[in-house]
Each structure stands twice: as C-alpha cells, then as structure tokens.
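As structure tokens, the structure follows; a few thoughts come after it.
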Amino acid sequence: MEIPAYGAFFGRPLRIVRIVILSVFVVIPGHAGAQESGAEQGQQSLQQTTNEKPVKQPPPPLFSKHHRGMYKNGLGLWVIDATPQSPPLEVDDPDVPDKGEYEINLTTQADFSKQLRTFDFVLVDANYGVLPKIFGRELPTQVKFEFPLAGAKEHGDPFKVGIGAAQFGLKFNFYENNYNGVSVSFYPQIEFALPGAAAAEKNLADPGQTLILPVLVRKEFKYVTMVANGAVKQPFHDPQRDTTGSLGFGCGRAITRYLAAMGEIRAESAFNFKRDRLVVVNFGAMRRLRDNMILYANVGRSIFSDEVSAHTYVGVGIKFLLMPKELNPEKNQDAGNFLW
C-alpha cells in the first residue's frame, strides 16, 4: 500500500486556510467601509432633520363663528349674538341659519305719524337654512318668506285691517372670514301684495311689486360689532313710485352674556335726492329667554322726512330657533324632536 505524499496530505487544509485568510482581508475592510458609509448617512440625516423647520400651524380664528340667538364664544361660554340684525332693527346682518335650522320671528310693531298710523299686529317672518353647492362650493343660504296681519288708520278714514305686503327672498352668505371678522351677503327679495287680499286698496301695501337688492356687510371689533347695508328698491307696475336707494349702519354690543343692545341710523331717498327722503334712528335690545328663544324690542324716530310730521316706531317680538337634535347635539338640552 502506498503512503500519500506529504504535499497531497496537507494540500487541501492549506487551500482552506488560504481561502479563510483571503476572506478575512476582503470582508473586514468592506464591512468597515459600510459602517463608515452608514455613519455618514446617519450624520447627514440627523443634520437634515435638525435643519428642517417644524411645520407652522395656522393660528386659531380671532373671532368665533356667530350663530343666531346663542353661540359659543372663544372661551367656550354661551353668549347672545349682539350683531345688529332684523328684527329688531331694519338693517340686517349677513349671517344665515345653519343647514336644516328654522328661524321664526313673530313681531308686533307700529309706525305712528299724524297723517297715517300703520300696525303689524303679527308679522310672521319664517327663515330656513340650506347649503347648496354652486360651482363646486358650498354656499350658506337663507330662504325667507314673511307676511303681516296689518292695520292702517288714515286721518279722517275708518280703521282698515287685512293681510299686508308679503316678501320672499334668498340671502347668500358668499364671504365669511373669522380671522378678520368680516362677512358679506347678497339678499335679493321681492315684495308683493297677496292675490285677493286687496292690500293696496286698504293702504296696507304699495301697488304692484318691489324688487329689493341689498348687500349686507358685517365687521367685528374687540368690543362692538358693526354692520352696513346698501340697497336699491325698484318698483314695478306702479308709475307713481320712483326707484329709491337706502344706506344704513348699525352697531351692537353684548351688555351681559344674555342681553345685547344695538342701534342704527338709516337713510332712504329717490336717486334724484328730491323725493321719498327719510332719515331714521332706531334702538333695539335682545334678551335670552331660553337658549333657542330670544325676546327683542325696538323704539325709533325719524329725524328728517319729506312729510310734515315725524314718524315714531315701536316694536316687540320673539325669535324662535328650531333645529333637529341630530343636527345640533351640542345644544340638546330639552326634550322633543326639535330644540326650543
């Protein structure tokens, strides 16, 4: 039997040793390079993270979103809406009821002068909030319809009673910015006598129809809220009346959380400034009875008029805000399907 040679016996282990040594010299530098590369990347990532500025969050709105009747202010307290509005004033604010909310105003008011005394025994002013999409944008809108049970007494004539002039309108709140406290609405309305009511013959409404095109602006300040109204009134089917314009300014402030005071000055005139001229100052107040029931009143007087005698205005009424519970659980304090 042949004995294997020394080189053959030790050849295979030597090759294995060479391979192991070569692997050590190749793998270790590569691993060290990978560690250095990973460390550099980590340092770059850390430096990039340090250099990146944190995302700046927008500041909260300066003014709380108003809501008719009662709403939550910036401190989370329920307070009365002190924005000058109709009723109790003639100038109106651009706010509209929330989607699905009803606002119903029941007003008793009178206008006294030596020549004519007019009364709205019950003026029913019903409003409803909708949220249509126009050109892909939600537009808060108020649908309005009103009519009065009215009376009139001219000097030397008997007292007349009937249904007065009705109004239908849509208020579009197309701009609302709670950061600067500005809101703007367009409020087209049509005024007309109801068929068969003979309101014009009883001096309870103007003959024909009247198209009313007002723009309403609200601006909030730290202590008061201001509104401005500008409107054009265009009569139809009545040649005795001229196109007139009106401009009004109102200011309101909350006296307590549940009581608000407001006032207005309003001027009307034909566009030639020779007819139908009237300047009125009016003061109003609103008081919470319940969260969705507001008592209001007003008293005013004309300070300039084309008529011989001045006008005195008085009124009182109640505002009801009705919303299904599922649409506003935050104010769900009473029983029933609607909040009262």
Side-chain angles (χ1 to χ4, degrees), residues 60-109 122-129 140 142 171 173 176 178 181 183 216 218-227 249-264 281-300 313-325 327-340:
L62 184 62
F63 301 97
S64 303
K65 179 175 174 58
H66 279 225
H67 185 279
R68 292 296 184 93
M70 304 291 294
Y71 72 98
K72 272 190 177 181
N73 64 7
L75 301 176
L77 300 174
W78 289 102
V79 296
I80 193 168
D81 181 16
T83 306
Q85 56 193 272
S86 174
L89 305 181
E90 286 294 323
V91 296
D92 206 355
D93 67 313
D95 292 332
V96 301
D98 291 337
K99 179 182 178 181
E101 182 179 24
Y102 295 88
E103 177 188 331
I104 300 175
N105 302 299
L106 303 178
T107 308
T108 299
Q109 58 188 12
V122 180
L123 173 63
V124 180
D125 174 21
N127 306 275
Y128 181 69
Q142 171 182 308
K171 185 194 291 188
N173 185 206
E176 179 86 28
N178 292 325
S183 181
L216 319 175
R218 184 194 74 220
K219 170 61 179 174
E220 293 187 65
F221 297 94
K222 185 175 182 180
Y223 297 109
V224 298
T225 302
M226 304 283 292
V227 298
F249 298 94
C251 178
R253 174 180 169 81
I255 306 303
T256 69
R257 287 177 54 194
Y258 300 139
L259 176 64
M262 55 196 68
E264 68 175 332
V281 292
N282 195 18
F283 300 95
M286 303 179 68
R287 176 69 168 86
R288 171 193 177 274
L289 298 179
R290 299 175 69 176
D291 284 344
N292 298 84
M293 187 184 299
I294 306 296
L295 175 69
Y296 55 84
N298 75 284
V299 59
Y313 308 91
V314 293
V316 64
I318 296 180
K319 182 190 301 289
F320 298 94
L321 298 163
L322 313 177
M323 176 175 283
K325 287 182 178 180
L327 296 182
N328 195 358
E330 199 173 32
K331 295 181 72 175
N332 181 11
Q333 297 180 358
D334 301 302
N337 294 327
F338 286 87
L339 298 176
W340 290 77

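The chain is numbered in sequence order, starting from 1.
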Can a donor-acceptor pair be found between the side chains of Thr107 and Asn105 at a distance below 3.5 Å? no
Between Val316 and Leu295, does a side chain to side chain contact (heavy atoms under 4.5 Å, CB included) hold up when you go through it step by step? CA-CA 8 Å; Val316 64; Leu295 175 69; 4.2 Å; yes
Taking atom CG of Leu106 and atom NZ of Lys319, what is their separation to the nearest 0.5 Å? 10.5 Å
Rounded to the nearest 0.5 angstrom, the CG-OG1 distance for Leu123 and Thr108 is 8.5 Å
With rounding to the nearest 0.5 angstrom, report the CD to CD distance, Gln85 to Glu103. 7.0 Å
What pair of heavy atoms forms the shortest contact from Lys99 to Met323, and how long is it? O-CE, 4.0 Å
Does any N or O in the side chain of Lys171 come within less than 3.5 Å of the main-chain N or O of Asp95, such that one atom is a donor and the other an acceptor? yes
Nearest heavy-atom contact between Met262 and Pro84 is SD-CA, 3.8 Å
Would you mind reporting whether Asn178 and Glu176 have side-chain heavy atoms less than 4.5 Å apart? yes
With side chain to side chain contact (heavy atoms under 4.5 Å, CB included) as the criterion, how do Asp125 and Ile104 come out once you've worked through the C-alpha distance, each side chain's angles and the decisive distance to 0.1 Å? CA-CA 6 Å; Asp125 174 21; Ile104 300 175; over 6 Å; no
Closest non-hydrogen contact found for Cys251 with Val224 is SG-CB, 3.9 Å
Nearest 0.5 angstrom please: Asn282 CG to Glu264 CD, how far? 4.5 Å
Any non-hydrogen side-chain atom of Tyr313 less than 4.5 Å from a side-chain atom of Gln109? no
Minimum side-chain heavy-atom gap Arg257-Arg288 below 4.5 Å: no
Would you indicate whether the side-chain heavy atoms of Trp78 and Lys72 approach each other to under 4.5 Å? yes
Restricting to non-hydrogen atoms, name the atom on Arg253 and the atom on Tyr223 that form the minimum distance, rounded to 0.1 Å. NH1-O, 2.9 Å
First locate atom CG of Leu322, then atom CE of Met293, and finally report the distance between them rounded to the nearest 0.5 Å. 9.0 Å
Could you measure the distance from the CG atom of Leu77 to the OH atom of Tyr71? Nearest 0.5 Å is fine. 11.0 Å
Quick one: closest heavy-atom pair of Ala254 and Ala82, and the distance? N-CB, 3.4 Å
Shortest non-hydrogen contact from Ala297 to Pro88? O-CB, 3.6 Å
Keeping the roles fixed (side chain from Gln142, backbone from Asn127), state whether a donor-acceptor pair exists under 3.5 Å. no
Using the side-chain contact (heavy atoms from CB on, under 4.5 Å) rule, pick out the option among Val91, Asp92, Asp93 that qualifies with Leu89. Val91
Would you please say whether a donor-acceptor pair under 3.5 Å links the side chains of Asn173 and Ser183? yes
